[in-house]
There are 2 protein chains.
Amino acid sequence: MADALEPEQLETYFALMESVSMLHHAVEQQVREAGQLSYVQFQLLARLATAPTRQLTMTELADGVVYSRSGLTHQAGLLEKAGLIAREPSPDDQRATLVAITEAGLTRVSAILPGHIDVVQGQLFSPLSKQDQVALGELMTKVRDHMREQPPRSVSTRKRGS
Amino acid sequence: MADALEPEQLETYFALMESVSMLHHAVEQQVREAGQLSYVQFQLLARLATAPTRQLTMTELADGVVYSRSGLTHQAGLLEKAGLIAREPSPDDQRATLVAITEAGLTRVSAILPGHIDVVQGQLFSPLSKQDQVALGELMTKVRDHMREQPPRSVSTRKRGS
DNA sequence: TATTGTTATACTCTATAACTATA
DNA sequence: TATAGTTATAGAGTATAACAATA
C-alpha cells in the first residue's frame, strides 16, 4: 500500500536478484560436483551439522529452507536413502520426527565445504572490501530478521480462505 | 583457492541466501497471483518491456535469467502461446530470433508491477534506512558486475572437457 | 568450424490434498 | 480441534544431447 519504489530501489532489487541467482547457480554446481547433492539437500545437511545437538525435528529443519512439508519429507527420504541422515520418533512428542546427521553425512559436508567456500569467496566476497563485507552482513541480517518476522504463510500452512 | 571464509562471512552468506530465498518465494507468489506467470516468465517480460527497442534476440533475453538455451526456448514457447511475446526471424542475422513483447504482454506486466513493488518494498526495503538502501544498491552492483565478468560457463555452453 | 535456436527426452523439484497419528 | 509428518500425484522447471540452419 502506498510507497512506490524509487527507480534506484528497483535497480537495487534487480542487482540483488541477479547476483544471488548467479551465485546460487554457481554453488549449486559446486555442491553437485563435489558432493552429488542438490543445494537444498546441502543446506539441510549443513543445518543439521551445525545444530547444537546435531539433530532437529522435521519442522525445525524445514524452517527457512523448504516451503512445504511434503517437500521436506521428499528430500529427507532421499537423504536417508543415501545414508546421510537418520530419522527416529521423538521421545518428547510422539508426533514429531527427530532427524540426525550420520557420520557419512558429516563426511559428505566436509567434502563439499572447502570448494564451496572457494566459490563463495570468489563470486561474492572478492569484489568487496573488508568494510563492504561487514556492511553487507549487517544489511542482510536486518533484512533476514525482518523477513523471518513476516508470516511466511507457507510451512505453517494454516489455510483460511481456500 | 586458499583464503577460507571467516565465520563472519559465512553468516553473511547464509543471511543473504536465506533473505533472497524468502524474497523470491514472496515475489513468486505475487507474480503468480497477480499475473498467472512464473517469476522467470515475469523477468523475461520485464526485460523486454524495459529494453530500448522492446525486442531482444533469444540469446540476449536469456542472459542472466536462464541458464540453458532449451530452457529459454521452452519459456518463450509458453509466453508466445499466451500471446505475451512474438517471435520473428532477425533481418540482420538469419540464425537469430527476435523476441518482442506484445501489447498483451505489456498489459500483463502493468498488472503485476504495482503489487510487486509493494512486496519488494515491504519485504526488502522497509527494514532498511534510506542510507542502508543506497549502500545495498552499491554493494550488489559491485557484486553483480563482478559476477557478470566471470565465465558463466552455462548459456554460452562452450564445452571443453566433456 | 562456430553460433543460434529448436526438439525430444528425462529428471528433479515443488505443491496440493487426503490421510494417519498424536497433543 | 490443532499439529507433525507421510503419501500419492500432478505440474512446472531445467538440463542434456542431437539436430538444422546460418555465419
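Residue numbers begin at 1 in each chain, while the letters A, B, ... track the order of the sequences.
Contact between the side-chain N/O atoms of A:Thr59 and the OP1/OP2 oxygens of D:dT3 is not found at any separation under 4.0 Å. Contact check, A:Arg69 against D:dA4: a side-chain N or O comes under 4.0 Å of OP1 or OP2.
Going from atom CZ of B:Arg95 over to atom C1' of D:dC19 covers 16 Å, rounded to whole Å. One interatomic measurement links the two molecules: CZ of B:Arg32 to C1' of C:dT16, which rounds to 13 Å at whole-angstrom precision. Spacing between atom CD of B:Gln94 and atom C1' of D:dA20 amounts to 14 Å, rounded to whole angstrom units. The separation between B:Asp63 atom CG and C:dT4 atom P is 12 Å, rounded to whole Å. Atom NE2 in B:His24 sits about 13 Å away from atom C1' in C:dT14, given to the nearest Å. Taking atom NE2 on A:His25 and atom P on C:dC13, their separation rounds to 14 Å, with Å as the unit. The distance between atom CE of B:Met58 and atom C1' of C:dT7, rounded to the nearest whole Å, is 12 Å.
Here A:Lys142 does not pair with A:Glu138 in a salt bridge; the nearest charged N to carboxylate O distance is not below 4.0 Å. We find that B:Arg148 and A:Glu18 are joined by a salt bridge, their nearest charged nitrogen and carboxylate oxygen being less than 4.0 Å apart.
Comparing C:dA15, C:dT4, D:dA4 by their closest approach to the side chain of A:Ala96 singles out D:dA4. Closest to the side chain of A:Ser38, from the set C:dC13, C:dT3, C:dA15, is C:dC13.
The hydrophobic clustering, which links ILVMFWY residues whose side-chain heavy atoms are closer than 4.5 Å, places B:Leu79 and B:Leu98 apart.
Two residues, A:Ser70 and A:Asp93, neighbour DNA chain D, and the one matched to the more 5' nucleotide by heavy-atom proximity is A:Asp93.
Aromatic ring orientation, B:Tyr39 versus B:His24: perpendicular (interplanar angle above 60°, classes split at 30° and 60°).
Side-chain contact between A:Gln29 and A:Val119 is absent, with no heavy atoms from C-beta onward closer than 4.5 Å. Taking 4.5 Å as the limit, every side-chain heavy atom of A:Val65 sits out of range of all side-chain heavy atoms of A:Leu72.
Across all strands shown, A:Thr57 has heavy atoms under 4.0 Å from sugar-phosphate atoms exclusively, and none from any base.
For residues 73-89 of chain B, proximity to DNA chain D is found at B:His74, B:Gln75, B:Leu78, defined as any non-hydrogen atom under 4.0 angstrom from a strand atom.
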DNA chain C in dot-bracket form (Watson-Crick or G-U pairs under 3.5 Å, [ ] crossing, | inter-strand) is |||||||||||||||||||||||
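Of all non-hydrogen atoms in A:Ser38 and A:Gln75, the two that sit nearest each other are OG-OE1, 4.4 Å.
A search for side-chain hydrogen bond (donor to acceptor under 3.5 Å, both in side chains) contacts involving A:Asp145 returns nothing, not counting sequence neighbours.
In this structure, A:Arg54 contributes its side chain and A:Ile101 its backbone to no donor-acceptor pair below 3.5 Å.
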